[in-house]
Amino acid sequence: MGNEEKKPKINLAIYWGAACGGCCVSVLDVHESLFDVVAAADLVFWPIALDIKYKDVEAMPDGFIDVTLFNGAVRNSENEYMAKLLRKKTKILVAYGSCSHMGGIPGLANFSDKESLLQRVFDDTESTENPKKIRPQTEYEVKEGVLDLPEFYNDVKTLDQVVNVDYYLPGCPPQTERLVEVFMAIVTGAELPPPGSVVGALVKSQCDECERKKSDNKKINKFYRPWEIEDDGETCFLEQGVICLGPATRGGCGVRCIKGNAPCRGCYGPPPDVIDPGAKMMSAIATMIDSDDPEEIAAIVEQIDDPAGLFYRFSLPSSILRRTIK
Amino acid sequence: MEETRIGLYVCWCGTNIAKMVDVENVAKEMESMPNVVVSKDYKYMCSDPGQDLIIKDIKEHNLNRVVVSACSPRIHELTFRKALENAGLNPYMFEMANIREHDSWVHTDREEATRKAKTLIAGALNRVRWHESLEKRTVDMNPATLIIGGGIAGISAALEIADSGKKVYLIEKSDKLGGHLLNVDLTYPYMYSAQEMIKPKIDRIENNPDIDIFLNTQIEDLTGYVGNFQTKISQDGAEKELKFGSIIVATGLRAFNPDSIKDYDYANFPNVITSVEFEAMLKSGKILTKEGKEPKNISIIHCVGSRNHDYHEYCSRTCCMTALKYSNQIRSALPDSHIYHAYADMRAFGKGCEELYTKTSGKDVIFLMYDQKNDLPKIKKASVKDKCEMLIELNEKLSGESVEVAADMVILMVAMESNDNAKTLGQTVGVSLCGNEFYIEKHPKLDPVATTTDGVYVVGSCQSPKDIPDSVSQARAAAARILAKINYGTVEVEVTTAVVNEELCCGCQTCVCVCPYTAISYDEEKNVSVVNEVLCKGCGTCGSACPTGAIKCRHYTDQQILSQIEGLLSKSLELQEV
Amino acid sequence: MIQRVNPDLKKYLVKYGVQDWNECFHCGNCTAICPLTDQGFLFPRKAIRQVQMGLKTSLASNFDPWLCYYCGECSETCPRDANPGELMMSLRRYLTSVYDWTGFSKLFYTKKIWEFLTIIILFILVIASFVVWFPKEQIANFTTYIGDHSFLKVIEAGDLIMAAVVAFVLISNIFRMWYLTILKPKYKVPFIEYFRGIYVLPGVFASQISFRKCDTDGRLYWVNHLLLMTGYTLMFILVVVFLPKFQVSEVYNWYHWQRLLGYYATFGLLFGLSAMFIGRWRKKSEKFKFSHLSDWLFIIMLFLTTLTGILVHIFRLADMPYATYYLYIIHLAVLVPMICVEVPFSKWSHLAYRPFSIYFYYLKKAALSKQHKSKLAAAA
Amino acid sequence: MSFQPTIVSFLCNWCSYTGADLAGTSRMKYASNIRIIRVMCSGRIEPTFVLKAFREGADGVLICGCHPGDCHYHEGNYKCLRRFHLLQKYIKQMGMDEDRLQLKWISASEGKQFAELADSFTEEIRNLGPCKVKEVMETLT
């Protein structure tokens, strides 16, 4: 500690794009480690906690911020503007959490498009009364002048689809312990992995940590959704017919979902050599189908209700197809 | 990483490619592709000068990747890999673009074909960047050979191998050696006695210490790979294990059952008999009807079950000549009989066969042609005034007349079809069936003896209907191939196997039950899967099933294939609307 | 109609000269090369097939052999040396016996001794009748008062009877040919076509126009055949039908039409016969390679008849009554058996069957075309 | 002006690729829209490849393997069949016509069938029109 005090503090920024706020909460979840963080860093920008305006950020010299933890996907022009601004002002930009990493849950909006989303929210919802069909606008005149409002995009993008990203720290949200490890590595000046790496997660996937009993008997005659089956709590989910994305998802989260008897949903993203985790998992799962008869196979496949949503729950905008087409 | 330096060679294949693809233009245009150092076109890349060109360029331009755009890699991939090897480059740093079989030969618009050639080459160029050096591996060759089937083919192969002092295990499902030849009287075209040919051979086999004969024996299970197979056989219920390095499949065929052809009513006419039954009659020495009389009118119907859309489309090959042989034998035994052939057309290729036809047709034999496609002859019961037992009605094709033929005996020249257990056995030994349910050889022209499974050979009629000389030649050819391998001592095994990256493998074991060769096992201690690279045949199924990306299929990696896709579909080469 | 395949027929046909039938493997070369092949009329291949299979009914209804003039092209080019041309020739002999209801034709063709015997018996009969009935004292004026010899009236009457019998046999056989080739196979010939077709006959007969097509090597067999045929026919009509006009005492001037026609016919006969004789002797041309006994008999008898006829004429002009008389007897003794045997029962009959085959061929085509049209109409 | 689709075809080495070679050696003619990628077994073909092909601009993807029971590697084609069904369901969900992806069995002797398949598949894709995946991707960047 004593040595560290002598070192100059780094400037830390935390920003959220299209996100639920869970990632910011995960930062708060450092609990007593907060002291270590504060000892090592000055928080120069964190809208959820500090009143620092965009213009203050704009005023910072380029590269002023040492580390920015950017959570949330890029959903509108404000997200994009801030991503680009922070990229300019930051030395190390970290995509923090599944949304900025792979699109995350907001990324599921790529199954839809801007128009149908707005229609649902501003016209169709049961509680909406909007006779004038008012829709969000990018400019609005008030007596003080013209307001510039963010433009809602058609597509959800990951952070690296907008700006260069130095590191990815996956998770929904990332495990706080992993954040602390990564943060401390940065501030202590430890040797950092090459830019573009995933940090705060393991190379091996979930099964490596998973304590459930696994065998080579991965043959599926019927797919179950988790609530359709009484989990024995010990056997590999796949061997019970429950789709678990564990094998195609990096470890590092502490297999918390699986420990809670819920199959992995893939928030930690793919292991290093996997390009499209959904496609990989589809391939693996389909291979396990225990039939050679085309009709029977089709019937078993039919039991998977929503393959796109299931296999790409956290990764749709970063997948090969990225979004639905019409 | 060293700089990627690719040499691209576009083959003319004489005019085969150059006629439909503007090869010069292709070579010129592709020169600007990334990493391409030299790009050339040449008349015949597979020729010695063509290969020398590559070798020279590799040395001169320090190439470390080569793409040849020519015919199918199934034809010349090995040729060019050898050339790379001769130039001191790893043979796997090579990729072929198939612009002949898949382009110039199948398309008609030169511009389109040229554009397609460019996309195929772009794919190959993209792919070859990701190629890696792979090292050859060899295993020791077990000098014993398993021969399945004790007919003339199996016997010939067994003797050939055992005569050079190598061990042979000869397995026969019936209780005696000899196969179909045991039931044959004389053989065409020279009328040698079949028994006199086969009996001494069986004696020799039985007295050869290097041949272990297993009668009444079935194969239960086969594992291993070329040079090191092992099998479980069951002989009269007792199981036994054998180890050997090569397999010859010589299971032969069986006769077609004519019951299904209604027009012949084989089941109900006692004097409508199959060629197999007639052969037995000849062997017994007397041609008699079921009533014990000498038949005055004998009709032979050809192509029963052969060359017919409803039964077998292929030609059974030996029946025409067998039928002619019958005519000669009948003519000698019953000089005053009337002999009729109802045939589709006479196939008399092969040594001495046309001569047999000419000789036979001079013996007062009547040939009547029927329409094979939709107008088979019909056999009917004759009335008393017809003075014969049956009448065969047919529309004679050459005369255009509807005729009837008197018959006291009808011989159906039944087709030869594959054995009913051909498929099961094929799956056991790893040989596929063709559309006619016969075993597929490795190459119909250039490798008609080997199969796509290394170390497994098909000989005789299990590969397609054959006569004796062809079966024997094929059997001896297989024996020669095996002896050469035994002599060499070792065999090369598959290089393009799957490999597990233990850093990434999470031990989910999805791959283990996917492997058709049980080449993958689970290492509990390390919690990873392990590929036995000797057993692995490189199909890549495990690589596709692996959800973690830990399994790499050598030479067919994700990266290589995805790059090839990118190249194939690169924008600049897209099809234009026409 | 279903026919029984008869393996024995071809053995029987050998007697008519059929040979090498077995060599044919139906490549169709003969049909392709034949200058007379018409659509749907596939000769000679079709006939070969019928022989190979022993289809009696089909053969009887097949008039293709009569359409053939034996140019020999098919035999020459046959890759199997099956001699299709000779087969057609043999079938003409066979068909002659098929049409002939009297059975003589069959007898003469298949048992050669009977043909000889008949000829010799008739020869002797003619001579014997002269010996018995001719008044010897009249020989001295045989050249000058021919027409006055009463016995010649008997000969004339006999000649006309012979002509009538021969004509009856031949015509009835032609009717049988019609029955076998048109009626029995049930060709529905429109009635009007019988009249339209009748125009074909004289023209074809007189011009031998079809033969011209067969003159493939340009050696004018057609002219040869035309000369022989017209000479023969002319002589037949002049001498047999108009005998009373010839058996007259008066010797006409050389430019009298009767004499001119006679000279033409004689020339035609001599020329044609010599050509045939030489051809059959040398066997160089395909058509002359094979000679049936009946062919030689025909040539020899006709030659003898012609020769004796010429000599009778010369002796008469030279006023040599004895020589004229004896040669006259020999002439008749050769002529009568030739006409009685050859005309209705043997080689000569083709003079009648051939034009009729062309006539029937016309009828058959008309029937088939009508059938085809009605089929098309029904389909529409 | 007719739309010329781009088709990527994955063929297994032993049956279908050989069958396509046979179509060539037999000089059968078929539409030039198809671009063939060789893999050792249809069991090697994974969804990533197919999606990548669509992403890079393929209008249709044709997978061919050995007939059931004829796989050179015993059962790789069944693995492919299973993946194919799931993948078709997925691409349908992604708003694509599922028929843009097809799986057919072509044996080594079925050169004619391959040529016919290439033609009929091209025609089918031509009728479906261009696949918009690549176009949409381009609007995203």
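Letters go in sequence order (proteins before strands), and every chain restarts at 1.
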Handout entry: Note, A:N217 side chain near B:C513 side chain (heavy atom, < 4.5 Å)
Key = no

Exercise for the section: Name all residues meeting the side-chain hydrogen bond (donor to acceptor under 3.5 Å, both in side chains) criterion together with A:K280; count only those two or more places apart in sequence or in a different chain, and write none if there are none. Expected result: B:D558, D:E46

Residue, of [options], that accumulates the most heavy atom pairs under 4.5 Å with chain A:
{"options": "B:K552, B:Q509, B:Q559, B:E503", "value": "B:Q509"}
{"options": "B:A545, B:S544, B:C506, B:G549", "value": "B:C506"}
{"options": "B:V528, B:T541, B:V512", "value": "B:V512"}

Flag if over 12 foreign heavy atoms under 6.0 Å of [atom1], [X]:
{"X": "B:E239", "atom1": "CD", "value": "yes"}
{"X": "B:K526", "atom1": "NZ", "value": "no"}
{"X": "B:R554", "atom1": "CZ", "value": "yes"}

Let me know if [X] has heavy atoms under 4.5 Å from chain A in its side chain, its backbone, both or neither.
{"X": "B:I520", "value": "neither"}
{"X": "B:C511", "value": "neither"}
{"X": "B:E502", "value": "backbone"}

Practice task
Search all heavy atoms of A:P247 against all heavy atoms of B:P547 and return the closest pair with its distance.
Solution key: CB-CG, 3.3 Å

Handout entry: From CG (A:D273) to OG1 (B:T548), nearest 0.5 Å
Key = 8.5 Å

Exercise for the section: With a 4.5 Å cut-off on heavy-atom pairs, point out which of A:L245, A:I285, A:I275, A:V274 contacts chain B the most. Expected result: A:V274

Exercise for the section: Give a yes or no answer on whether the side chain of A:K218 reaches the backbone of B:C508 with a donor-acceptor pair at less than 3.5 Å. Expected result: yes

Handout entry: Close approach to chain B in residues 202-215 of chain A, criterion heavy atom under 4.5 Å
Key = A:V203, A:K204, A:S205, A:C207, A:D208, A:K214, A:S215

